[in-house]
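Here is the structure we will look at.
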Amino acid sequence: MRLLVCGGAGFIGSAFVRRMLAKHADWEIAVFDKLTYAGNLDNLKTVEADSRYSFVRGDICDREAVGGAIEGAGGIDAIVNFAAETHVDRSIDSPEDFLKTDILGTHTLLEVVRERGISRMVQVSTDEVYGSIDEGSFCETDRISASSPYSASKAGGDLQVLAYHTTFGTPALITRGSNTYGPYQYPEKLIPLFVTNALEGGQLPLYGDGMNVRDWLHADDHADGIEAALLSGRPGEVYNIGGGNERTNREITEIILDELGLSWDTTVKQVTDRPGHDRRYSISCEKAKTELGWQPQVDFEAGLRDTIRWYRDNEWWWHKIKHGTAEFADWRARWYETRG
Ligand code: NAD
Ligand code: TYD
């Protein structure tokens, strides 16, 4: 199997690359990534000397660059697309890049697949496209009802994939993963932000009442779900990939504080809620379980505590992101310093 992994220098993409190279001796992976603020070659350090791995810097909106990467790899069997702008808060702050990468970039990859007769594409999407649900769980046939510019852009990408399959028979399919946690996640997202802030003696900015619910999935389980869809999913289909671990943000915060031996009163700061904040995400994964034979393996509390310890032990990885350039400080100032 020869893969082009777009967005492979990000959090989940790099977990997929590391894991697939470890699992499959005969796979070759070319990573194609723009290296935005969220892309980081440190995430791929453990595979950089592997002759089955290669890296090309480029933008998925640039059709020629994608084609060049495919030719450079000597042709490919499939594209797995992780490349996206991914942070809900940044999509509220400045949505335009989300529309470009998450919609136009996906469209560009579909065109490349069509033009070159590539036999498979997996579009990595999110449960956020369904929107919030108070009770029960969304299945793949439920309607899309995105709330944020991020989820609306991801939904736009999904609709392109389904339309290309219907119109041109493009052999593409979609996975919709739930909130993912693990090592190497950019420290703007809830878990790495709270853990690294806590490690630095800072505050944990909990939005609103902290009772919003997310379904947490370990990055390794997410990678395995995408692998299962790549190997046995049907073109034109959507597969939900969820951890089955619904927790409030308060519960997540409590585990972080407990693991690090800190108290709520001195660390947590309840701040103004995120606009349009989805209350609860929940998906049914029966289709992935029965059709793909996939199911999550990582115990949630053990996985979260391991993850917290990983950030504690790998300050080299996150310290330069938070303090090595002005990028993170600018974001923090723009988004957090004005919140009450
Ligand atoms: P991330 O922000 O950590 O990484 C995104 C990667 O895409 C980065 O390496 C970045 O450089 C690259 N990229 C961005 N724009 C690009 C462009 N125009 N061309 C090429 N590369 C570009 O994201 P992540 O958390 O690893 O998410 C990966 C995928 O999984 C995304 O599509 C996201 O929507 C989806 N997803 C994420 C979660 C989650 O909880 N993080 C859950 C479900 C689905
Ligand atoms: P996040 O990691 O941004 O993922 P998503 O919004 O895609 O689900 O946020 C997870 C939850 O944590 C979400 O309900 C918003 C909340 N949150 C905070 O309370 N404070 C924060 O500083 C951040 C980044 C998120």
Side-chain angles (χ1 to χ4, degrees), residues 5-16 31-41 43-44 56-62 65-66 69 80-92 97-98 100-102 104-106 108-109 123-129 132 147-148 150-151 153-154 157-158 175-182 184-194 197 203-217 219 222-223 225-226 241-243 247-250 252-253 268-271 273-274 276-281 283 332 335-336 339:
V5 176
C6 301
F11 163 50
I12 308 169
S14 68
F16 177 83
V31 169
F32 182 82
D33 196 297
K34 188 178 176 182
L35 296 181
T36 66
Y37 78 93
N40 185 350
L41 289 177
N43 301 357
L44 293 162
V56 177
R57 187 171 192 177
D59 187 334
I60 58 163
C61 300
D62 180 345
V66 177
V80 184
N81 181 33
F82 293 88
E85 289 294 334
T86 62
H87 190 32
V88 172
D89 294 326
R90 288 190 194 243
S91 82
I92 296 166
D97 283 345
F98 289 74
K100 282 189 193 145
T101 292
D102 302 9
L104 203 59
T106 303
T108 306
L109 295 179
Q123 170 70 2
V124 178
S125 186
T126 165
D127 63 355
E128 299 192 29
V129 299
S132 196
S147 312
S148 71
Y150 162 64
S151 51
S153 303
K154 290 296 292 184
D158 286 13
T175 58
R176 291 188 179 144
S178 65
N179 277 70
T180 305
Y181 70 98
Y184 302 102
Q185 185 171 29
Y186 190 87
E188 65 191 350
K189 306 280 167 50
L190 176 74
I191 290 172
L193 178 77
F194 277 21
N197 279 8
Q203 287 186 309
L204 316 189
L206 189 65
Y207 295 160
D209 63 3
M211 293 305 286
N212 303 68
V213 172
R214 298 292 182 264
D215 171 11
W216 293 96
L217 170 69
H222 198 161
I226 293 163
I241 308 283
R247 299 287 188 282
T248 64
N249 295 334
R250 278 180 172 269
I252 300 295
T253 307
V268 178
K269 183 180 177 209
Q270 282 186 256
V271 297
D273 209 351
R274 164 192 284 172
H277 195 175
D278 282 331
R279 194 67 172 165
R280 173 172 174 261
Y281 293 143
I283 48 175
R332 177 151 45 195
W335 188 254
Y336 289 102
R339 300 189 99 74

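Quick caveat, the model's predicted, so the values are computed rather than measured. In listed order, ligands and their atoms are each counted from 1.
The shortest N or O to N or O distance between Leu193 and ligand 2 is not below 3.5 Å. Ligand 2 has a nitrogen or oxygen under 3.5 angstrom from a nitrogen or oxygen of Asn179. The distance criterion of under 3.5 Å between nitrogen or oxygen atoms is met by Arg214 with respect to ligand 2. In terms of polar-atom proximity, defined here as any N/O pair under 3.5 Å, Gly10 does make such a contact with ligand 1. Looking at ligand 2, you'll find an N or O of Pro205 within less than 3.5 Å of one of its N or O atoms. Some N or O of Lys34 is nearer than 3.5 Å to an N or O of ligand 1, by distance alone. Backbone and side-chain nitrogen or oxygen atoms of Tyr207 are examined, and one is located within less than 3.5 angstrom of a nitrogen or oxygen of ligand 2. Ligand 2 has no N or O atom lying under 3.5 Å from any N or O atom of Tyr281, backbone or side chain. Ligand 2 has no N or O atom lying under 3.5 Å from any N or O atom of Trp216, backbone or side chain. Not one N or O of Lys189 is nearer than 3.5 Å to an N or O of ligand 2, by distance alone.
Between the side chain of Arg339 and the main chain of Asp273, a donor-acceptor pair closer than 3.5 Å is present. No donor-acceptor pair closer than 3.5 Å links the side chain of Ser148 to the backbone N or O of Val88. Put simply, the side chain of Arg274 never gets that close to the backbone of Tyr207: no donor and acceptor are under 3.5 Å apart. Side chain of Gln203 to backbone of Val268: no donor-acceptor contact under 3.5 angstrom is found. In this structure a side-chain-to-backbone donor-acceptor pair under 3.5 Å is present from Arg57 to Lys34. Side-chain atoms of Asp127 do not come within 3.5 Å of backbone N or O of Ile283 as any donor-acceptor pair. For the pair Ser14 (side chain) and Gly8 (backbone), a donor-acceptor distance under 3.5 Å is absent. Of the possible polar contacts, none joining the Asn212 side chain to the Asn249 backbone as a donor-acceptor pair under 3.5 Å is found.
At a 4.0 Å cut-off, not a single heavy atom of Tyr181 sits close enough to ligand 1 to count as contact. Distances shorter than 4.0 angstrom occur between a heavy atom of Gly58 and an atom of ligand 1. The closest approach between a heavy atom of Ser14 and any atom of ligand 1 is not below 4.0 Å.
Under the 4.0 Å criterion applied to side-chain N and carboxylate O atoms, Lys154 and Asp102 are not assigned as salt-bridge partners. Between Asp209 and Arg279, at least one side-chain nitrogen of the basic residue sits less than 4.0 Å from a carboxylate oxygen of the acidic one, meeting the salt-bridge criterion.
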Original post:
What do the steps show when you test Tyr181 against Arg214 for side-chain hydrogen bond (donor to acceptor under 3.5 Å, both in side chains), and what is the final call?
Top reply: CA-CA 11 Å; Tyr181 70 98; Arg214 298 292 182 264; over 6 Å; no
Original post:
Does the pair Leu193 and Tyr336 meet the rule for a side chain to side chain contact (heavy atoms under 4.5 Å, CB included), with working shown?
Top reply: CA-CA 12 Å; Leu193 178 77; Tyr336 289 102; 3.3 Å; yes
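Around atom 17 (C) of ligand 1, the closest heavy atom drawn from Asp59, Asn43, Val124 belongs to Asp59. Distances from atom 14 (O) of ligand 2 to the heavy atoms of Gln270, Glu188, His277, Glu128 put His277 nearest. Of the candidates Thr86, Val31, Thr36, Ile60, it is Thr86 that places a heavy atom closest to atom 27 (O) of ligand 1. Compare Leu190, Val271, Val213 by their heavy atoms: the one nearest to atom 10 (C) of ligand 2 is in Leu190.
Nearest protein heavy-atom neighbour of atom 22 (O) of ligand 2: Tyr336 OH, 2.7 Å. For atom 11 (O) of ligand 1, the closest heavy atom belonging to the protein is Asp33 OD1, 2.6 Å. From the protein, the heavy atom lying nearest to atom 5 (C) of ligand 1 is Ala84 O, 3.5 Å. The protein heavy atom nearest to atom 6 (O) of ligand 2 is Arg274 NH1, 2.5 Å. Considering only non-hydrogen protein atoms, atom 25 (O) of ligand 1 sits nearest to Phe11 CD2, 3.7 Å. Atom 40 (O) of ligand 1 has its closest protein heavy atom at Thr180 N, 2.9 Å. Ranking the protein heavy atoms by distance from atom 41 (N) of ligand 1 puts Ile12 CD1, 3.6 Å first. Counting only heavy atoms of the protein, atom 32 (O) of ligand 1 lies nearest to Lys154 NZ, 2.7 Å. Among protein heavy atoms, atom 16 (C) of ligand 2 sits closest to Asn249 ND2, 3.4 Å. Summary of contacts: the protein heavy atom closest to atom 42 (C) of ligand 1 is Ser178 O, 3.3 Å.
Of all the atoms in ligand 1, the ones that sit under 4.0 Å from a non-hydrogen atom of Asn179 are 40 (O). Residue Ser125 has at least one heavy-atom neighbour below 4.0 Å for each of these atoms of ligand 1: 43 (C), 44 (C). Listed by number with element, the atoms of ligand 1 under 4.0 angstrom from any heavy atom of Phe82 are 28 (C), 29 (C), 31 (C), 32 (O). Using a 4.0 Å cut-off to heavy atoms of Asp89, the atoms of ligand 2 that qualify are 24 (C).
When each of Asp158, Thr106, Asn81, Thr175 is paired with Ser125, the side-chain hydrogen bond (donor to acceptor under 3.5 Å, both in side chains) condition holds for Asp158 and for no other.
Contact annotation: for Leu35 versus ligand 1, heavy atoms closer than 4.0 Å belong to the backbone alone. Only side-chain heavy atoms of Tyr150 come within less than 4.0 Å of ligand 1; its backbone N, CA, C and O stay farther off.
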